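Here is the structure we will look at.
Just so you know, residue 1 is the first one in the sequence shown, and it goes up from there. Both counts, for ligands and for their atoms, begin at 1 and track the order of listing. Given the structure is predicted, the values throughout are model-derived calculations rather than measurements.
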Amino acid sequence: MKVAISGASGKTGFRIVEEALKKGLKVKKIVRKNSNVKEDSKNSETLRVSLNDKDALDKALKNVDALIIATGARASLDLTGPAKVDALGVFRQLQSCKRVGIKRVILVSSLCTGKLFHPLNLFGLILIWKKIGENYLRNPSFEWTIIRPGGLKETEKIDSENIDYTKEDTQIKGSIPRRLVAKCCIDSLINKGSINKIIEVTSSSENKKISFKKAMQTI
Ligand SMILES: NC(=O)c1ccc[n+]([C@@H]2O[C@H](COP(=O)([O-])OP(=O)(O)OC[C@H]3O[C@@H](n4cnc5c(N)ncnc54)[C@H](OP(=O)(O)O)[C@@H]3O)[C@@H](O)[C@H]2O)c1
């Protein structure tokens with residue numbers, strides 16, 4: 001299977017690439033012109049395109065079986081970032097998927113999307129724009145999965161962390177290492193039980209261990 005991963009230069013994106021490669025998948029990293037990405041390997045290549053360039057995006061997404069979207073507005077003083085990246089950027093990627101015939105799409109979103117009164121919205125109403133991005137994907141044209149993580153952590157210490165997988169709008173706080181989010185993306189890709197689901201994820205050492213496959217039976 002060949003998977004395209006957009007936002008592959010991000011802190012979650014590069015880990016999704018690593019987890020995909022560990023599973024023996026072929027990877028196309030979709031990044032911006034000046035993004036910093038790790039070197040390519042036998043099974044990975046880097047395509048530098050603007051999400052605004054239809055033709056280049058279509059070319060980059062040709063001949064892949066699935067797209068994992070890990071783009072997200074980087075914190076900055078430009079408060080239009082979330083509208084441009086988390087809504088319009090997702091829309092443009094999905095339009096390209098339709099044109100080139102990609103059906104399977106996994107989106108990294110966030111807990112609390114759609115909530116108006118939330119401190120995260122001080123950054124350009126990000127939770128509203130993320131919900132709009134999600135809604136573009138929840139469409140019969142796609143076999144979609146939306147992963148909504150809690151606050152993202154850089155730690156690679158994940159051995160004692162167990163994931164709490166729940167359905168839409170059930171968790172409002174908590175955190176999770178980016179590494180576990182990356183694993184969830186690849187688990188979603190591999191398990192058909194994740195199709196057409198919103199999966200909220202946080203982690204803690206106090207949660208009971210459960211396999212991804214089993215968790216999907218309850219969501
Ligand atoms: N931070 C949190 O606690 C938190 C919690 C829940 C959900 N999330 C969401 O989880 C996702 C991953 O977060 P993260 O912190 O791992 O991401 P990150 O490190 O900030 O990476 C963001 C990625 O998006 C790309 N990007 C940004 N603007 C772009 C544009 N205009 N065109 C194309 N690509 C663009 C970046 O490319 P460059 O490398 O070129 O900048 C980078 O690859 C994001 O959607 C984020 O909103 C975050």
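Atoms of ligand 1 found under 4.0 Å from any heavy atom of G7, numbered from 1 in the order shown, are 43 (O). For ligand 1 and S9, the ligand atoms under 4.0 Å from any heavy atom of the residue are 37 (O), 38 (P), 39 (O), 40 (O), 42 (C), 43 (O). For ligand 1, the atoms closer than 4.0 angstrom to any heavy atom of S110 are 6 (C), 7 (C). Within the listing of ligand 1, atoms 10 (O), 11 (C), 45 (O) sit less than 4.0 angstrom from a heavy atom of V108.
For the pair G150 and ligand 1, a heavy-atom separation below 4.0 Å is found. At a 4.0 Å cut-off, at least one heavy atom of S109 sits close enough to ligand 1 to count as contact. By the 4.0 Å heavy-atom criterion, P149 is counted among the residues contacting ligand 1. Heavy-atom separations between V31 and ligand 1 are all 4.0 Å or longer. In this structure, G151 counts as a contact residue of ligand 1, since one of its heavy atoms falls inside 4.0 Å of the ligand.
Looking at ligand 1, you'll find an N or O of G72 within less than 3.5 Å of one of its N or O atoms.
With hydrogens and angles disregarded, a donor-acceptor distance shorter than 3.5 Å links the side chain of E200 to the backbone of Q171.
The proximity of K130 to ligand 1, defined as any non-hydrogen pair under 4.0 Å, is limited to the side chain. When heavy-atom distances to ligand 1 are checked against a 4.0 Å cut-off, R178 comes that close only through its side chain, counted from C-beta outward. Of the heavy atoms in K11, both backbone and side-chain atoms come closer than 4.0 Å to ligand 1. Contacts with ligand 1 closer than 4.0 Å are made by side-chain heavy atoms of L51 only, the backbone lying farther away.
No donor-acceptor contact under 3.5 angstrom links the side chains of S9 and N36, judged on distance only. At a cut-off of 3.5 Å, with distance as the only test, no side-chain donor of T155 or E161 sits close to an acceptor on the other residue. A donor-acceptor contact closer than 3.5 angstrom links the side chains of D78 and T80.
Tested against E45 for a side chain to side chain contact (heavy atoms under 4.5 Å, CB included), the candidates K26, K29, K2 yield a single pass: K2. Under the side chain to side chain contact (heavy atoms under 4.5 Å, CB included) test applied with W144, the options L94, N139, I195, L137 reduce to a single match, L137.
When L127, L152, L120 are checked for heavy-atom proximity to atom 4 (C) of ligand 1, L152 turns out nearest.
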